[in-house]
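Lettering of chains follows the sequences in order, A, B, ..., and the numbering in each one begins at 1.
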Amino acid sequence: MGAGDSAPVDYLLHLADNALVLGQRNAEWCGHGPILEEDLALANHALDHLGQARLLYQHAARCINAEPAQAQRFAHLQGARADGALTEDSLAYFRATHEFRNFTLLELPHHGPLAGPARADRDFATTTVRNVLYAALMNLWWERLQASADPQLAAIAAKSLKEVRYHLSHAGDWLVRLGDGTDESRARAQAALDHLMPHTQEFWTGDEAESAAVANGTGVALAELKPAWDALLDEVLAEATLRRPADGGYVTQGKRGLHSEHMGFLLAEMQSLAREHPQAVW
Amino acid sequence: MGAGDSAPVDYLLHLADNALVLGQRNAEWCGHGPILEEDLALANHALDHLGQARLLYQHAARCINAEPAQAQRFAHLQGARADGALTEDSLAYFRATHEFRNFTLLELPHHGPLAGPARADRDFATTTVRNVLYAALMNLWWERLQASADPQLAAIAAKSLKEVRYHLSHAGDWLVRLGDGTDESRARAQAALDHLMPHTQEFWTGDEAESAAVANGTGVALAELKPAWDALLDEVLAEATLRRPADGGYVTQGKRGLHSEHMGFLLAEMQSLAREHPQAVW
Amino acid sequence: PALQAHFDAVIDADGKIEPRDWMPEAYRKTLVRQISQHAHSEIVGMLPEGNWISRAPSLKRKAILLAKVQDEGGHGLYLYSAAETLGTSRDQMVEALHSGRAKYSSIFNYPTLTWADVGVIGWLVDGAAIMNQIPLCRCSYGPYARAMIRVCKEESFHQRQGYESLLTMMQGTDEQKAMVQDAVNRWWWKCLAMFGPPDDNSPNSVQGMRWGIKRISNDALRQKFVDATVPQAEVLGVTLPDPELKWNAERGQHDFGAIDWDEFWQVVNGNGPCNKERLATRVKAWEDGAWVREAALAHARKQAQRTMKEAA
Amino acid sequence: PALQAHFDAVIDADGKIEPRDWMPEAYRKTLVRQISQHAHSEIVGMLPEGNWISRAPSLKRKAILLAKVQDEGGHGLYLYSAAETLGTSRDQMVEALHSGRAKYSSIFNYPTLTWADVGVIGWLVDGAAIMNQIPLCRCSYGPYARAMIRVCKEESFHQRQGYESLLTMMQGTDEQKAMVQDAVNRWWWKCLAMFGPPDDNSPNSVQGMRWGIKRISNDALRQKFVDATVPQAEVLGVTLPDPELKWNAERGQHDFGAIDWDEFWQVVNGNGPCNKERLATRVKAWEDGAWVREAALAHARKQAQRTMKEAA
């Protein structure tokens, strides 16, 4: 456990992909929000996540470029290289769906369960519940990562923790307004919670990237954070007068590259222009 | 006017792009239709349009490959070539938004006017009205193109005419059911008609491709078809007890490559996989 | 009793029971359940494949896929019609599906993650379905048997097209080959489970066989499928993800590994990756389409009244 | 009369009128209309640029664009607040926009067809807006002037970023260069029209100048904009699509061609490419969000009642 070891590339990509994908989803509200102030708040959250993603991808790119085995592993990503080296954009715009390591929770559209090509209105309750579930996790995770043996990751964690404290309080306040607002808002919030909660099981399942990060002191076993996350969640759900759904159901595996049908569509849109001009600099 | 002249490439692309884009839109209902039989009918229409598009693109590709100036013009389309020659897929999957020559009417999502990234349910009335407006045109247009000096185009016209007669009668029957059904269905049909009718002004404006086609006997000046189209439309609208909107408003220019904000998203999705593997054969 | 005897005689003679014939209530109920669930499977099955219509990577493949999905919808129609001959209605069957009382083939509770999944579904899922359905062409209930004959013909065509699509990819780029192998890895075991639990765990099968509805046991069909598919995989150049899969000269069949029945039952019982999404999508299509169906009804009534007025 | 004299004196001395000051009703009404329409422009203006957030071709550009659109929303907020000091409410202003009574800058009635449009909007649309707005920093109405100072600072930053994005593209691939030139061709004339009709066609301008709201004439601003932009275009390497554009040494300014005012008025009056789409999108966001606003209200009331109960 050498001080200054980098976190495993896949661990960094997991963190980065989480931030990018949720940022992409939250940014979709821009110009379409229920209240102008909330349009701006969601844009702000999206910017924070995008900023986190950029720092993490840049760090991951440096690690990949510096290690021949990793460079070989990502040699097929030819787009957006700078003097032959991988960049943040190579990772964000030129990986395929199965190479993304975000939690499935974060890629879902802003509505209840539907197949990939279905079309429906965006639902603010879904957005709010998701943001609470994830921000609660990140509060605990970034907090621990401040002590990462990877100094870049520790620095990113310190910056991100400040941001995500605000995300949690803002989204939590909204969850309380919705849960303890009108009958309609409570019904929507409860439905969103029932839909999204099973997707949080994936937080706790661990995987090879997490084990490798724990092993070299750069990462955290998320299962250790579950009791505190449960406590955070129970507190806000109680205030929101919402019922916590029972555990169970399918455990998603987005962090292993096994996504929902929605991820392909998200990336098709996000990557479309960059892939149309793979050698261009923007 | 030599017998056997090919229609101008841009004229063929206009016809092909119309068919492809409308086929793409109609196919979106697959699995989501209001009645199983209608799911299948729309899939059938989409297949017909896709078939027409393929024949037209294949013909256009042959014309382009055979003429050095055209080959140069499309030299930047490197994807899906076969032994260096342009194919139907090069044209469908590797052109950019501004290179598509379809009427703007056909690229619109299945709902009322909204900006590109907005999300809303699909509306069957919008689909039905659009299909009537376009099928009425194609009945008249394919009928005239049977006499095209371009023998391939004439053959495609003969085949397509049979298909589009059925499209018009099927969509027309539905428009009557919706217009003369319930108050809700009439309101939706009228709203769709009010939204889409101005997009038909583009049918009659003529352009360089049409003029060149008329000049060498391969094409038709659509403005000549307007009285018959008006008659067809007035007949079905009367039976549907719908009010024909007054003329006027912005005249779209999709056939000149100036599209709505929706076209970019349609193509991003449609072309995503092919562009991810530009040299692959499928 | 005389009716029962006649019924039994027809069954024993491998004859056909037709809609106007007497049949035991249990036979009718079983068939309504089986045929309607078969229909539901075709309809729900349009979704995982329909997921790739808009992104098909060539116009030829887009057309093939669209035609396939359209055929599946058509199969649903035949089957709903066949079930209606037994005294149920489309609305009742759809309501049973949407409420969760009726099931559909659990293979459609998995997501199609890549374009190669479409080809693999054609090759393996349709392949397994055909193997299940060919015996049904000799099913004792006439309308079902005749529907099955039509369905099998079209599905054989689909299977060949799916396989051909994979063959093309396996002769293509490294990414295409990897995509196919990855799809095979994800779908193989799920397709083996399509034949249902092992014979010693399938109580319904016995009665099904007594009635001439089920002709061949689950395990026997599964074995046939494996034996037919292994050489196809070799031609393709893909590895089936089973280290225990090998030819057993003594048996004259392939040995293969153990299926994860826990996972299978979890998914059948609602805990698969796409169960909620599939059903919610069908429910939404139905609910969103209510105004359309109401309009058609309202218009038909108006037309009927006009006709009566004119006749008067 | 004494109040009017005091008001006139402040205006003549280039002083500030504040919310608590007396003002002619016509002055108040004009400002409510102008400030609220300025706010509406910022909000509606989020849509053409927001169209490209999800597809921005690099993470850096995505962040820049998202921040820009967020700033524009923020400008809308400042301006709605400034307008509210004149006795109107956000709900009233939004209702006026949604019903079509209030307008927004017609430049946002055009579609953003390519990524280069985003950079061109930053360079030319924001550039024109800044030219219009800098004089407003000296507007006689205090809250509006102060809002304008904040807005101009941020918009100068946006303009530089848009221009920098174009500079990068113009040093890039042939496709990028063509994309930029095409965007310039489509937007140039529309940006010139942003300054409004020629002075001899602008009756409102006279009163606006008398009240210290409008400081410089439409034509003068337009000329300044052309003169500032021509060298910027040269640095970029794009051709402004006006064959009559040339330096006039005698005037010490650029001559330029005739604007198509018919097209401008058509679009202002509702017949542009995106008028219906822009407004419908804002109306939908408002209507779809009603349940959210109601929930916030309901919760606030519940909290207030709890607080009162606890105090009791």
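The contact between A:Ala125 and chain D is made by backbone and side chain atoms together, counting heavy-atom distances below 4.5 Å. When heavy atoms are compared at a cutoff of 4.5 Å, D:Met179 approaches chain A solely by way of its side chain, counted from C-beta outward. Within the 4.5 angstrom heavy-atom criterion, no atom of D:Arg301 approaches chain A. Neither the backbone nor the side chain of A:Asp183 comes within contact range of chain D; no heavy atom of the residue lies under 4.5 Å from a heavy atom of that chain. Proximity to chain A is limited to the side chain of D:Thr173, based on heavy atoms less than 4.5 angstrom apart. Using a 4.5 Å cut-off between heavy atoms, A:Ala280 touches chain D through backbone and side chain atoms alike. Residue A:Gln24 touches chain D through its side chain alone, counting heavy-atom pairs closer than 4.5 Å. For a residue to count as touching a neighbouring chain, one of its non-hydrogen atoms must lie under 4.5 Å from one of that chain's; by this rule A:Leu50 touches chain D with the side chain only. With a 4.5 angstrom heavy-atom cutoff, A:Asp180 touches chain D via backbone and side-chain atoms both. Contact of A:Leu42 with chain D is not made at all, since no heavy-atom distance falls under 4.5 Å. With a threshold of 4.5 angstrom between heavy atoms, D:Gln176 approaches chain A through side-chain atoms but not through N, CA, C or O. Interface remark: D:Arg61 contributes side-chain atoms only to the contact with chain A (heavy atom separation under 4.5 Å). Heavy atoms of D:Leu297 lying under 4.5 Å from chain A are absent altogether. A:Trp29 does not touch chain D: none of its heavy atoms, backbone or side chain, sits under 4.5 Å away.
No other option in A:Glu184, A:Arg122, A:Arg186, A:Arg188 has as many heavy-atom pairs under 4.5 Å with chain D as A:Arg188. In terms of heavy-atom pairs under 4.5 Å with chain A, the best-connected choice from D:Ser58, D:Ala67, D:Gly119, D:Gly289 is D:Ser58. In terms of non-hydrogen atom pairs under 4.5 Å with chain A, the most contact-rich of D:Ala63, D:Gly76, D:Gly172 is D:Ala63. Interface check for chain A: of the options D:Gln303, D:Arg306, D:Glu72, D:Glu164, the most heavy-atom pairs under 4.5 Å are formed by D:Arg306. Per-residue heavy-atom pair counts under 4.5 Å with chain A were compared for D:Lys302, D:Met169, D:Glu287, D:Gln171, and the maximum is reached by D:Lys302. Contacts with chain D were tallied for A:Leu178, A:Thr182, A:Leu40; A:Leu40 has the most, counting heavy-atom pairs under 4.5 Å. The choice from D:Ser54, D:Gly73, D:Ala285, D:Ala298 that makes the most heavy-atom pairs within less than 4.5 Å of chain A is D:Ser54. The greatest number of non-hydrogen atom pairs below 4.5 Å with chain D, out of A:Arg275, A:His277, A:Glu37, is found for A:Glu37. Of all the listed residues (D:Thr281, D:Leu66, D:Thr168), the one sharing the greatest number of non-hydrogen pairs under 4.5 Å with chain A is D:Leu66.
In this structure, A:Arg177 contributes its side chain and D:Arg293 its backbone to no donor-acceptor pair below 3.5 Å.
With contacts defined as side-chain heavy-atom distances shorter than 4.5 Å, the pair D:Leu47/A:His32 qualifies. Side chains of D:Lys284 and A:Asp121 form a contact here, defined as non-hydrogen atoms less than 4.5 Å apart. Within the 4.5 Å cutoff, the side chain of D:Glu294 has no heavy atoms near those of the A:Ser185 side chain. Side-chain atoms of D:Leu59 and A:Tyr93, non-hydrogen and from C-beta on, do get closer than 4.5 Å to each other. Inter-residue side-chain proximity for A:Leu36 and D:Arg90 is flagged as met; some heavy-atom pair is nearer than 4.5 Å.
Residues A:Ala43 and D:Gln70 approach most closely at CB-CG, 3.9 Å, considering heavy atoms. Across all their heavy atoms, D:Met46 and A:Cys30 have their closest contact at CE-SG, 4.1 Å.
For D:Lys190, the NZ atom is densely surrounded, since the number of other residues' heavy atoms within 6.0 Å is greater than 12. Counting heavy-atom neighbours within 6.0 Å of A:Arg244 CZ, excluding the residue itself, gives a total above 12.
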